[in-house]
**Student:** 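Take a look at this one; I'll ask things after.
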There are 2 protein chains.
Amino acid sequence: MRADAQRNRIRILVAAEEVFTETGPGASTEEVARRAGVAIGTVFRHFPTKGDLLGAIMKRLLAELIESAGQRGGGEGLFEFFTELTAQASYKRTVVGLLESGGTAVRLPEAVGHLTEAVGGLLSEAQAAGTVSPGVALPEVMALLVSVTHGAVHGGWDAELRERTLAVVFAGLRPH
Amino acid sequence: MRADAQRNRIRILVAAEEVFTETGPGASTEEVARRAGVAIGTVFRHFPTKGDLLGAIMKRLLAELIESAGQRGGGEGLFEFFTELTAQASYKRTVVGLLESGGTAVRLPEAVGHLTEAVGGLLSEAQAAGTVSPGVALPEVMALLVSVTHGAVHGGWDAELRERTLAVVFAGLRPH
DNA sequence: TTCCAAAATGAGTCTCCACTCATTATTCTC
DNA sequence: GAGAATAATGAGTGGAGACTCATTTTGGAA
């Protein structure tokens with residue numbers, strides 16, 4: 001790949017992550033191009049469709065999440081991850097949009113699958129440690145993760161509301 | 001108002017409720033007109049903007065919800081209402097969209113306020129009956145209501161997932 | 001029945017956005 | 001440095017959807 005092409009590809013990815021992270025997946029490609037200091041044609045040369053562009057940055061964001069989940073563990077790992085995701089969501093609208101669609105929108109079902117697996121690992125560990133009720137299964141944990149994260153993003157919850165809402169969810173997950 | 005105008009206004013409202021309920025607020029005005037058997041200009045004569053149309057049907061749907069909340073009570077009223085809303089959400093995408101925006105999208109903040117009040121009443125009753133922990137406050141209940149309802153709609157949860165997810169939330173609300 | 005104000009019609013405008021492509025510019029190879 | 005290949009440019013296309021308005025139709029008062 002030519003040097004300028006390589007440079008621009010990176011600029012576009014950086015700009016796209018910024019823009020989609022701020023505005024959500026609805027942001028226009030034009031805005032990404034402007035932010036990258038590049039003509040719109042250049043964006044489409046590197047990423048033939050908007051979905052491809054979204055997919056590229058999603059892959060990165062998801063990988064980060066999966067790694068974060070993988071590094072946690074023990075009785076509190078699941079709770080920590082949940083809290084982290086909710087807090088980040090307020091400035092990472094894109095991830096949420098992706099998770100909601102199950103990855104089909106940008107054809108990343110396998111990446112979403114990996115995240116589900118990672119969360120499943122955290123759940124098992126927490127249940128083994130006795131911090132999460134054995135009656136709880138992965139689907140509802142993912143459902144809550146996505147719902148609450150989306151709620152936090154869309155509703156613009158402040159730190160206190162986030163904490164209070166998570167407190168209820170966590171109390172529901174713990175054995176009683 | 002002339003007889004045909006009155007007839008058409010009703011047709012439009014019925015069609016709009018159907019269309020927005022199925023497809024969500026993103027549905028086109030054109031589709032509403034088609035479903036109502038009316039030209040698009042007629043829709044705009046009755047409701048100058050799409051927001052006005054949305055607002056009109058939202059008002060009806062919200063009123064239904066508020067009434068449903070008002071008819072419930074006792075220790076389980078809040079749980080019942082929560083369950084009802086989540087179940088209905090799967091075919092009432094619109095309400096969810098409205099609730100998320102706090103009513104600002106269609107300028108119905110007072111209606112949303114009334115719903116919040118009604119839920120507040122249910123919460124107080126439940127806490128008085130000892131079925132909800134006294135540490136729980138209205139904001140996080142509304143936050144959970146909106147999040148889980150949205151999740152159910154957007155994620156297309158089946159009855160079982162809905163039940164399992166609500167079980168976790170309810171366990172979190174009950175005293176422990 | 002007549003007549004006109006109210007209402008309905010739907011092709012047309014406007015705006016936004018994803019995506020294209022002929023032209024111009026930049027890199028790289030020899 | 002010349003030439004070819006690769007990339008960048010940005011005006012242009014097409015489609016979707018909200019909204020308009022000149023024209024036609026309809027309801028109902030006199």
**Student:** What contact category does B/Ala33 fall into here, base, sugar-phosphate, or nothing, at under 4.0 angstrom with non-hydrogen atoms?
**Tutor:**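 If one applies the 4.0 Å heavy-atom cut-off, B/Ala33 turns out to touch nothing in the nucleic acid.
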
**Student:** So, are B/Glu31 and B/Arg35 salt-bridged, with charged N and O less than 4.0 Å apart?
**Tutor:**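 Yes, this pair counts.
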
**Student:** Could you point out which residue of A/Lys59, A/Arg11, A/Arg60 forms a salt bridge (Lys or Arg N to Asp or Glu O under 4.0 Å) with A/Glu17?
**Tutor:**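 That would be A/Arg60; it is the only one of A/Lys59, A/Arg11, A/Arg60 passing the salt bridge (Lys or Arg N to Asp or Glu O under 4.0 Å) with A/Glu17.
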
**Student:** Which ones in residues 36-46 of chain A lie close to DNA chain D, meaning a heavy atom under 4.0 Å from one of its atoms?
**Tutor:**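 Heavy-atom contacts with DNA chain D come from A/Val38, A/Ala39, A/Ile40, A/Gly41, A/Thr42, A/Arg45, A/His46.
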
**Student:** Identify whether the distance between the nearest side-chain nitrogen and carboxylate oxygen of A/Arg174 and A/Glu76 falls below 4.0 Å.
**Tutor:**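 Salt bridge: yes.
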
**Student:** Counting only non-hydrogen atoms, which of residues 1-16 of chain B are less than 4.0 Å from DNA chain D?
**Tutor:**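 Here the set is B/Arg2, B/Ala3, B/Asp4.
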
**Student:** Between A/Arg72 and A/Glu125, is there a side-chain N and carboxylate O pair less than 4.0 Å apart?
**Tutor:** no

**Student:** Are OP1 or OP2 of D/dG17 and a side-chain N or O of B/Thr29 less than 4.0 angstrom apart?
**Tutor:**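 No.
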
**Student:** Flag yes if A/Ile66 and A/Leu122 sit in one hydrophobic cluster, no otherwise; membership is Ile, Leu, Val, Met, Phe, Trp, Tyr, and two members link when side-chain heavy atoms are under 4.5 Å apart.
**Tutor:** yes

**Student:** If two hydrophobic side chains count as joined below 4.5 Å and joins carry through other members, does B/Ile12 share a cluster with B/Ile40?
**Tutor:**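 Looking at the clustering, B/Ile40 is in a separate group from B/Ile12.
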
**Student:** Would you check if the side chain of B/Thr131 reaches a backbone N or O of B/Gly75 as a donor-acceptor pair within less than 3.5 Å?
**Tutor:** yes

**Student:** In whole Å, what is the span from the CZ atom of A/Phe47 to the C1' atom of C/dA18?
**Tutor:** 16 Å

**Student:** If only atom types and distance count, is the side chain of B/Thr42 paired as donor or acceptor with the main-chain N or O of B/Val38 below 3.5 Å?
**Tutor:**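 It does not hold such a pair.
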
